[in-house]
Amino acid sequence: GKYAKAEEAYQFAQAIYSSINCASGEGETLRDRGWLYIYQGRHAEAAECLIQAHLTFANIYDPYGEARALDGLAVVRALQGRFGDAKDACVEAREIYNGLRRPISDHCAYLSTVLRVLEENPDLMAHYESLQAETSGFSLGM
């Protein structure tokens, strides 16, 4: 379907960017592919793409690209139930956004609020963990 075509297009674009040594294009494509995988529930693959995107942007000193890759990584880690890692990615993204004098992303702002509420309410965390065990594909409203 449409996801398969999108994945193919991203892989093709990434190959082109790689062949012409365009790291920023590669980073953007990796980040976008990561989000495609998030939408498909392919969280491990999403995390892999987003980590690669983050490293690519870091290597070319593109802090805004780094922050945007970290946003996606935070979402994936939350969906995987790795809340500490999600918080770390959000904090790192927030620091970059602040350094650039840019507002944090809506994803990071929302996720930071959700994670804070879960930290402050252990009963909610236990309830979320039981729901996560019972259902697949449960999300935090993203």
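Only this structure's heavy atoms are used, side chains among them; waters, hydrogens and symmetry mates stay out.
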| said: Restricting to side chain to side chain contact (heavy atoms under 4.5 Å, CB included), what partner residues turn up for Asp62, sequence neighbours left out? | reply: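 Side chain to side chain contact (heavy atoms under 4.5 Å, CB included) check on Asp62 returns Phe57, Ile60, Tyr64.
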Minimum heavy-atom distance between [X] and [Y], given as atom pair plus value:
X      : Y     : answer
Leu100 : Pro63 : CD2-CG, 3.9 Å
Tyr97  : Arg68 : OH-CG, 3.6 Å
Val76  : Ala47 : CG1-CB, 3.8 Å
Ala78  : Ala86 : N-CB, 3.6 Å

Would you say the side-chain atoms of Thr29 pair up with the backbone N or O of Gly25, donor to acceptor, closer than 3.5 Å?
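Confirmed, Thr29 side chain pairs with Gly25 backbone.
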message: Are Leu36 and Leu30 linked, directly or through intermediate hydrophobic residues, by side-chain heavy-atom contacts shorter than 4.5 Å (ILVMFWY only)?
response: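 No, Leu30 and Leu36 fall in different hydrophobic clusters.
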Practice prompt. Determine whether Val91 and Leu70 fall in the same hydrophobic cluster, where Ile, Leu, Val, Met, Phe, Trp and Tyr are linked whenever their side-chain heavy atoms lie under 4.5 Å apart.
Written response: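 Cluster IDs for Val91 and Leu70 differ.
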*Listed partners of Glu48 passing salt bridge (charged side-chain N to carboxylate O under 4.0 Å, His left out), at least two apart*: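 Residues passing salt bridge (charged side-chain N to carboxylate O under 4.0 Å, His left out) with Glu48: none at all.
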When rounded to the nearest 0.5 angstrom, what is the spacing between [atom1] in [X] and [atom2] in [Y]?
X      : Y      : atom1 : atom2 : result
Leu115 : Tyr110 : CG    : OH    : 10.0 Å
Leu111 : Asp71  : CG    : CG    : 9.0 Å
Arg77  : Cys90  : CZ    : SG    : 13.0 Å
Arg31  : Thr56  : CZ    : OG1   : 11.5 Å
Glu92  : Cys108 : CD    : SG    : 10.5 Å
Cys49  : Trp35  : SG    : CH2   : 13.0 Å

Quiz item: Does Ile16 sit in a hydrophobic cluster with other residues, and if so which ones, taking ILVMFWY side chains as linked at heavy-atom separations under 4.5 Å, directly or through other members?
Solution: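 Listed partners: Phe12.
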Just wondering, are more than 12 heavy atoms of other shown residues or ligands nearer than 6.0 Å to CD in Glu120?
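Atom CD in Glu120 is packed in, count exceeds 12.
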Below 4.5 Å, heavy atoms only, C-beta onward: do [X] and [Y] meet side chain to side chain?
X     : Y      : answer
Lys87 : Arg116 : no
Glu28 : Tyr10  : no
Glu7  : Arg42  : yes
Arg33 : Gln52  : no
Tyr37 : Gln40  : yes

